[in-house]
Amino acid sequence: MPPGLHLLHRLRRPPAAAAAVPELCPVCGDKVSGYHYGLLTCESCKGFFKRTVQNNKKYICAENQDCKIDKTHRKRCPSCRFQKCLIVGMRLEAVRADRMRGGRNKFGPMYKRDRALKQQKRALMRANGFKTEAAASLVSSNQTDSAFTGSFPGLYPVPIIQTTLVPTTHYNHNCYGLPSLGTSTPSNPSISTQRQYTSSNPAIKSEHTDIHMSSQASVLGDHAYSEELQEETFSPQVPRMPQLVMEFLRCDPDELQMQRNIAAHLQREQSSWEKQGKPTAFSFMCRMADQMLFSIVEWARRCIFFKELKVSDQMKLLHNCWSELLVLDILFRQVQHGKRSSVLLVTGQEVELSAVASYADPTLAHLVQRGQELLEKLHGLQVDRQEVVCIKFLILFNPDVKPLESQPFVESVQEQVQGALLEYTLCTYPQYLDRFGHLLLCLSELRSLSTLAEDYLCCKHLSGEVPCNNLLIEMLHAKLLHVHTSW
DNA sequence: TTAGCCTTGAAG
DNA sequence: CTTCAAGGCTAA
């Protein structure tokens, strides 16, 4: 084993910065002064939004409708500023047509719930001591977790990198399983989505004089809002599923399909092996892992957020996390399998643990032992599929991977997924307040386990025992290359 | 036009 | 009563 490998891995995954950032305006990053028109914003963006809507102002961007909006530049392009106001979720309906002063509006309960959720998060974070690396940013500036957005319209950090501006309308239209999400061309998502967004949003270029009259004005966020209102009014006792989690479930591959594909592939391979003599169990496992990796890459390529990234970033993220995804996949299959005495393979075959023990060398035996321990924790938690799909995204969108071209995007996805997972756990298992913290601990354990597994495979590879010409080898090479170049 | 501060008034 | 998110005012 190359010297310092463990240390290097620890260096590769530095703990996140600890301090919680005070709440920032999602439009310009200035200091938040309270809830205004649907979400926490600064005083100036509140005023700007009010003036724009009340006076029915029309702005035209002199550039490409992708101007940077921050505290210093916010005055420069009102068109993009207003657009950003809508993107982050400010509500046209909250501007009163009659200009009545004082009192409260229908958003009151949402603000309250949002506050309660935020407070719960802070308490949880404190209880967890901010030790888990994913936790620190949760109480920071993002409002992706806000109750009334259903975890979605967030994405506000995205326009910082102007290349991946994602319109929220698509997601809102596609919640609860409608099929057409993400029709943008992968080659240049920014342009296509931007166009769809501006052309489909009457608030930006055309008249919106009727917004006060029509409760069904087709403006950004209406869907999320009306759903929220419905839920608030009619079914407050039913736990909500954050829309992001719904979307993750939709992206997740079908287990049976995968089982068939991989089994068929291995069957085909096996017929050619027979000519070369009997393969070892280890070699068989490698080929199976290889096929699982293909599935993982295929899943990632097709899933929300990831497909918006450049290939170079996609590669870096996958090179970083392939083993974690692989181990998680294996472990969750065992959770569903439910039997402690045998291992369920992706092909559907069952292998007795005693058989594994008799075959394993000490290092592998230790790996299996660690896997069993983590599996016990997952069993204890009765971790569900919704949580696992979220964890997969937490693993994939690791903001510690550097350098990335779309670093802010990856960070914002990480934060959104954390928010969605926390919201899901709080809503689905309200009696179990620390569940989110326990899941993050499992994730941390999973990371260390997968690092060990990678090291083990590297060792085997260096001694020539891993079958050639596959994805597994490429991942291991990337790892070895990384060790080499950064040492 | 902007943005900080002020006034208002229903909800809790 | 207090809270706080609406709209209003105004100097820069």
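Atom set for the values below is all heavy atoms of this structure, side chains included, hydrogens, waters and symmetry mates excluded. Chain naming here is simple, since letters A, B, ... match the order of the sequence lines and numbering starts at 1 in each.
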Q.
Can you tell me if A/Glu373 has over 12 outside heavy atoms packed within less than 6.0 Å of its CD?
A. yes
Q) Can you find an N or O donor on one side and an acceptor on the other, under 3.5 Å apart, linking the side chain of A/Lys112 with the base of B/dG12? A) no
Q: May I ask you to establish whether A/Arg91 and A/Phe107 are in a cation-pi arrangement, using a distance under 6.0 Å from NZ or CZ to the six-membered ring centre and at most 45° from the ring axis?
A: no
Q) Donor-acceptor pair under 3.5 Å: do we get one between A/Arg74's side chain and the base of B/dA3? A) no
Q | Salt-bridge criterion met for A/Glu255 and A/Arg333 (N-O under 4.0 Å) | A | yes
Q: Figure out the CZ/P separation between A/Arg51 and B/dT2, and round it to whole Å.
A: 5 Å
Q) Could one point to a donor on the side chain of A/Lys46 or the base of C/dG7 with an acceptor on the other under 3.5 Å away? A) yes
Q.
Regarding A/Thr41 and A/Tyr35, do their side chains bring together a donor and an acceptor under 3.5 Å, going by distance alone?
A. no
**Q.** Distance in angstrom units between A/His36 NE2 and C/dT3 C1', rounded
**A.** 14 Å
Q: Look at the side-chain N and O atoms of A/Gln54 and state whether any lies under 4.0 Å from the OP1 or OP2 oxygen of C/dG8.
A: yes
(Q) Distance criterion of 3.5 Å, no angle test: do you see the side chain of A/Arg104 paired donor-to-acceptor with the base of C/dT3? (A) yes
**Q.** Phosphate contact (C/dA5 OP1 or OP2) by A/Asn105 side-chain N/O below 4.0 Å
**A.** no
